[in-house]
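Take a look at this one; I'll ask things after.
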Amino acid sequence: MYQGKCVILGVTGGIAAYKALDVASGLRKKGIIIETVMTENATKFVTPLTFRSITNNPVSVDTFAEPKIWDIQHISLANKADLILVCPATANIVGKVANGIADDLLTTTIMATKAQVVFALAMNTNMYENPIFQSNVEKLRKLGYGFIEPVEGILACGASGKGRLAPVEQIIAETLIYLHRPKDLTNKRVLITAGATREAIDPVRYITNHSTGKMGYALAEMAKRRGADVILISGPTNLVPPPGVTVVKIKSAREMAEEVFRYFDQVDIVIKSAAVADYRPAVAVSHKIKKKDEDLIIELSRNPDILYELGKRKDKQVLVGFAAETDNLLANAQEKIKKKNLDFIVANDVLVPGAGFGYDTNIVKMITPDGSIEEYPLMSKEEVANKVLDKALKIYNSRYLE
Ligand code: PMT
């Protein structure tokens with residue numbers, strides 16, 4: 001599938017530069033051609049010779065070096081790239097690209113390419129958290145640049161926090177996802193719900209749950225990359241929505257219901273990954289409730305079950321639910337498929353480390369009404385998203401195209 005694809009590996013000057021060798025080696029094993037472009041600073045950490053030996057290809061550093069065969073190197077590299085992966089990517093390279101600076105071979109190549117560019121970030125925590133860096137990332141995300149987020153850990157400077165390069169296997173897996181991007185959802189409208197809802201107790205307090213929106217945003221991003229027209233109905237979250245997606249922000253379950261019902265007739269696939277509050281305070285008090293000595297009892301009313309309603313209204317749409325369980329995963333999920341008239345459900349046990357709320361990964365089982373179960377190991381939420389989309393599309397095609 002990846003045989004003969006060309007990845008330009010941009011290496012910038014950070015202590016994690018040596019890990020890019022393992023990334024290069026892993027990608028080569030998939031049949032991918034790697035051409036390395038190093039910044040001058042990167043050569044202080046690892047020599048070009050090491051990358052040349054691992055990739056079996058020449059390594060470029062200097063824009064003005066005499067090429068063996070005449071060509072304008074940053075243009076030829078930019079044109080041959082199926083993908084540019086910058087690994088490790090420092091705050092400096094992100095800042096340069098975000099501000100249109102092209103002053104060496106790597107930045108001119110990035111500026112000249114039409115291929116997807118992905119930054120695997122690695123830097124000191126304070127640099128990562130610096131609002132200038134974060135606004136550069138946000139600007140580039142909106143323009144369609146990809147990011148592989150750093151992870152928490154002990155950093156080279158001795159500090160501890162977010163900034164370590166993501167594990168090599170994860171960088172390889174995400175690079176393969178970026179490379180394998182069939183536009184198989186072109187002409188499909190996909191509605192995705194993400195995140196938690198907030199149910200107001202009074203103007204300053206609310207009931208909610210631990211959903212961060214990561215699963216839903218990964219679904220939206222993958223669906224968009226595969227060519228779908230995506231409507232993302234999102235509860236409150238700090239995540240940046242993928243570029244090109246129609247985002248509808250809601251707070252409560254009732255607001256989510258209203259928006260989902262508004263779009264339902266216009267879409268082909270619905271994926272409800274949001275964690276919707278089943279109950280809300282029966283009365284949302286209009287002023288802040290004053291503290292008293294005695295206990296406070298809040299009466300709760302049932303929220304609409306949005307997915308159940310969709311199941312009743314279902315016409316042509318493929319309807320996919322998620323089930324967040326802590327016990328009896330399969331039995332509970334199977335009951336929800338029947339009750340909500342779903343095409344399949346994605347069940348995750350939210351007590352298992354690496355699965356469910358807040359993680360960048362998930363462990364899921366996909367269950368169909370006939371009782372068949374597909375079990376998946378720990379995967380990134382982007383990989384899970386692609387599996388969910390593969391299955392939804394297969395059902396859609398078997399229903400309408402065969
Ligand atoms: O956002 P993250 O931090 O990445 O976490 C991801 C996740 C754990 C939230 C996600 O993987 C997940 O499991 N989402 C479904 C959570 C949930 O509400 O499950 P449930 O079993 O309570 O609901 C079953 C289905 O009915 C869900 O598709 C839900 O969206 C839907 N529902 C539930 C209640 C309700 N009132 N209306 C609904 O539509």
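Whatever order the structure lists ligands and atoms in, that order sets their numbers, starting from 1.
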Query - Test: Lys391 cationic atom under 6.0 Å from Phe344 six-membered ring centre, within 45° of axis - result: yes

Query raised in the report: Do any nitrogen or oxygen atoms of Val350 come within less than 3.5 Å of a nitrogen or oxygen of ligand 1?
Result: no

Query - Gln134 versus Glu129, closest heavy-atom pair with distance - result: CG-O, 4.2 Å

Report task. Under 4.0 Å from a heavy atom of Lys214: give me the atoms of ligand 1 that qualify, with their elements. Result -> 1 (O), 2 (P), 4 (O)

Query raised in the report: In terms of side-chain heavy atoms, does Asp278 have a donor or acceptor partner in Asn303 at a distance below 3.5 Å?
Result: no

Query raised in the report: Will you find, in the side chains of Thr55 and Asn57, an N or O donor that is under 3.5 Å from an N or O acceptor?
Result: no

Requested in this report: Would you tell me whether Asn332 and Glu325 have side-chain atoms, one donor and one acceptor, within less than 3.5 Å of each other?
Outcome: yes

Query raised in the report: Heavy-atom contact under 4.0 Å between Leu310 and ligand 1?
Result: no

Report task. Note the single closest protein heavy atom to atom 18 (O) of ligand 1, along with its residue, its atom name and the distance in Å. Result -> Ala275 CA, 3.3 Å

Query raised in the report: Under a heavy-atom criterion of less than 4.0 Å, does Ala274 contact ligand 1?
Result: yes

Query raised in the report: Nearest protein heavy-atom contact for atom 19 (O) of ligand 1: which residue, which atom, what distance?
Result: Ala324 N, 3.4 Å

Query raised in the report: In the protein, what heavy atom is nearest to atom 28 (O) of ligand 1, and what distance, to one decimal place, separates them?
Result: Lys272 O, 2.6 Å

Requested in this report: Report yes if some heavy atom in the side chain of Leu393 is under 4.5 Å from a heavy atom in the side chain of Asp184; otherwise report no.
Outcome: yes

Query - Check against side chain to side chain donor-acceptor pair (under 3.5 Å), Asn92 and Thr90 - result: CA-CA 5 Å; Asn92 184 47; Thr90 55; 4.9 Å; no

Query raised in the report: Are Glu375 and Lys365 close enough for a salt bridge, meaning some N to O gap below 4.0 Å?
Result: yes

Query raised in the report: Which pairs pass ring pair (Phe, Tyr, Trp, His ring centres under 6.0 Å) with one or both residues in residues 120-156, sequence neighbours excluded?
Result: Phe119-Phe147, Tyr128-Phe133

Requested in this report: Assess Asn303 for proximity to ligand 1: is some non-hydrogen atom of it under 4.0 Å away?
Outcome: no

Query raised in the report: What protein heavy atom sits nearest atom 11 (O) of ligand 1, and how far off is it?
Result: Asn348 OD1, 2.6 Å

Requested in this report: Heavy-atom contacts with Gly321 under 4.0 Å: which atoms of ligand 1 show up? List them by number with element.
Outcome: 28 (O)

Query raised in the report: Any side-chain donor-acceptor pair under 3.5 Å between Ser301 and Glu299?
Result: no

Report summary line: Among Val276, Thr212, Thr237, Asp360, closest by heavy atom to atom 2 (P) of ligand 1 is Thr212

Query - Residue portion contacting ligand 1 (non-hydrogen atoms closer than 4.0 Å) for Ser273 - result: backbone

Report task. Find all atoms of ligand 1 within a distance of less than 4.0 Å from any non-hydrogen atom belonging to Leu307, and give their numbers and elements. Result -> 25 (C), 26 (O), 28 (O), 31 (C), 38 (C), 39 (O)

Report summary line: Check: of Gly235, Gly213, Pro304, min heavy-atom distance to atom 36 (N) of ligand 1 comes from Pro304

Query raised in the report: What heavy-atom pair brings Pro353 and Ile363 nearest, and what distance separates the two atoms?
Result: O-CD1, 4.0 Å

Query - Interfacing atoms of ligand 1 (cut-off 4.0 Å, heavy-atom, Phe357) - result: 3 (O), 5 (O), 8 (C), 9 (C)

Query raised in the report: Between Arg225 and Glu221, is the closest basic N to carboxylate O distance under 4.0 Å?
Result: yes

Query - Met256 near ligand 1 by a heavy-atom separation under 4.0 Å - result: no

Requested in this report: Return a yes/no value for Phe322: is any of its N or O atoms, backbone included, closer than 3.5 angstrom to an N or O of ligand 1?
Outcome: yes

Report task. Closest by any non-hydrogen atom to atom 8 (C) of ligand 1: pick that one out of Gly356, Ser211, Ala196. Result -> Gly356

Query raised in the report: Is there a heavy atom in Lys381 that sits closer than 4.0 Å to ligand 1?
Result: yes

Requested in this report: Just need the protein heavy atom nearest to atom 37 (N) of ligand 1, so name the residue and atom and give the distance.
Outcome: Ile306 N, 3.1 Å

Query raised in the report: Nearest to atom 22 (O) of ligand 1, what protein heavy atom do you find, and at what distance?
Result: Lys336 NZ, 4.3 Å

Query raised in the report: Should you measure from each heavy atom of Asn362, which atoms of ligand 1 turn up under 4.0 Å away?
Result: 11 (O)

Report summary line: Closest to atom 33 (C) of ligand 1 among protein heavy atoms sits Lys340 NZ, 3.9 Å

Query raised in the report: How does Val346 reach ligand 1, by side chain, by backbone, by both or by neither, if only non-hydrogen atoms under 4.0 Å count?
Result: neither

Requested in this report: Enumerate the atoms of ligand 1 whose separation from the nearest heavy atom of Gly358 is less than 4.0 angstrom.
Outcome: 2 (P), 3 (O)

Query - Between Thr47 and Thr50, a side-chain donor and acceptor under 3.5 Å - result: yes

Query raised in the report: Which atoms of ligand 1 are found less than 4.0 Å from any heavy atom of Asp305?
Result: 35 (C), 36 (N), 37 (N), 38 (C), 39 (O)

Query raised in the report: Identify the closest protein heavy atom to atom 34 (C) of ligand 1: which residue and atom is it, and at what distance?
Result: Asp278 OD1, 3.2 Å

Query raised in the report: Does a side chain donor of either Ser135 or Glu138 reach within less than 3.5 Å of an acceptor in the other side chain?
Result: no

Query raised in the report: Charged N to carboxylate O under 4.0 angstrom, Arg399 versus Asp343?
Result: yes

Query raised in the report: Taking atom types as modelled, is there a side-chain donor on Tyr217 or Ser234 under 3.5 Å from an acceptor on the other?
Result: yes

Query raised in the report: Any side-chain donor-acceptor pair under 3.5 Å between Asp104 and Thr107?
Result: yes

Query - Nitrogen or oxygen of Met215 less than 3.5 angstrom from that of ligand 1 - result: yes

Query raised in the report: Applying a strict 4.0 Å limit to heavy atoms, is Ala347 in contact with ligand 1?
Result: no

